[in-house]
Amino acid sequence: MSRVAVVYWTMSGNTEAMANAVAEGAGTEAIEVSDFSASQVADYDAFAFGCPAMGSEELDPDFEAVWNDCVPVFGDKPVALFGSYDWGGGEWMNIWSDAAREAGVNVADTLTQHLEVDDEGLVACKALGEKLAR
Ligand SMILES: Cc1cc2nc3c(=O)[nH]c(=O)nc-3n(C[C@H](O)[C@H](O)[C@H](O)COP(=O)(O)O)c2cc1C
């Protein structure tokens, strides 16, 4: 089993619910981004980073600061991106994942949910965690 870090930021809980389901699938606990730093990347084999669409199709600045520190140290390790959105139709994820790939991140998957994660979404989140842990 791979050691998976599920790292997230949330404002109103939707991305947190996704993180908890991904973590459940991966057999671990989700980690709030304020409790994670790039120095911990070496301790894990795979990652799921979650942040909702904020600003104008942007990441939350506190999340983004940690994310930016981690990007150069992921190496080839798989990184899944996930989060919740509303009116932007998921555009923030296109922007985020394109930039990540351009920066050399091995983006293994992306998973988005409109607002509150539904039962189907929870199943998808759990499956993502299971896949990362394999
Ligand atoms: C300050 C703020 C900015 C937001 N910006 C966007 C946006 O640019 N695009 C979008 O689709 N949704 C945007 N949203 C909606 C959130 O992404 C959506 O409510 C999401 O479910 C919040 O996830 P969370 O519960 O994990 O915080 C914004 C919400 C807030 C409060």
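Start at 1 and go down the list; that is how both ligands and their atoms are numbered.
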Side-chain hydrophobic cluster, 4.5 Å single linkage: members besides Leu132: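 Leu132 shares its hydrophobic cluster with Val4, Val6, Tyr8, Met18, Val22, Phe82, Leu111, Val117, Leu122, Leu128.
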
Nearest-0.5 Å distance that lies between atom NZ in Lys77 and atom CZ in Phe47: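 Spacing of NZ (Lys77) from CZ (Phe47) equals 5.0 Å.
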
Can you check whether Phe36 and Trp9 have ring centres sitting under 6.0 Å from each other?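 No, the ring of Phe36 stays outside the 6.0 Å limit from the ring of Trp9, centre to centre.
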
Is the distance between the ring centroids of Trp96 and Phe49 less than 6.0 Å?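 No, the ring centres sit 6.0 Å or more apart.
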
For atom CG of Asp43, decide whether the heavy atoms of other residues, nucleotides or ligands shown that lie under 6.0 angstrom number more than 12.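 Count over threshold, so yes.
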
Any side-chain heavy-atom pair from Met93 and Leu81 closer than 4.5 angstrom?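 In contact.
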
Show me a pair-per-line table, with atom names and distances to 0.1 Å, of protein N or O atoms that are under 3.5 Å from an N or O of ligand 1.
from     : atom 1 : to    : atom 2 : distance (Å)
ligand 1 : 5 (N)  : Gly55 : O      : 3.1
ligand 1 : 8 (O)  : Gly55 : O      : 3.2
ligand 1 : 8 (O)  : Glu57 : N      : 2.8
ligand 1 : 8 (O)  : Glu57 : OE2    : 3.3
ligand 1 : 9 (N)  : Glu57 : OE2    : 2.8
ligand 1 : 11 (O) : Asp86 : N      : 3.0
ligand 1 : 11 (O) : Trp87 : N      : 3.2
ligand 1 : 11 (O) : Gly88 : N      : 2.7
ligand 1 : 12 (N) : Asp86 : N      : 3.2
ligand 1 : 14 (N) : Ala53 : O      : 3.2
ligand 1 : 17 (O) : Ala53 : O      : 2.6
ligand 1 : 21 (O) : Asn14 : ND2    : 2.9
ligand 1 : 21 (O) : Ser84 : OG     : 2.6
ligand 1 : 25 (O) : Ser12 : N      : 3.2
ligand 1 : 25 (O) : Ser12 : OG     : 2.6
ligand 1 : 25 (O) : Gly13 : N      : 3.1
ligand 1 : 25 (O) : Asn14 : N      : 2.7
ligand 1 : 25 (O) : Asn14 : ND2    : 3.4
ligand 1 : 26 (O) : Thr10 : OG1    : 2.6
ligand 1 : 26 (O) : Asn14 : N      : 3.4
ligand 1 : 26 (O) : Thr15 : N      : 2.7
ligand 1 : 26 (O) : Thr15 : OG1    : 2.8
ligand 1 : 27 (O) : Met11 : N      : 2.7
ligand 1 : 27 (O) : Ser12 : N      : 2.8
ligand 1 : 27 (O) : Ser12 : OG     : 3.4

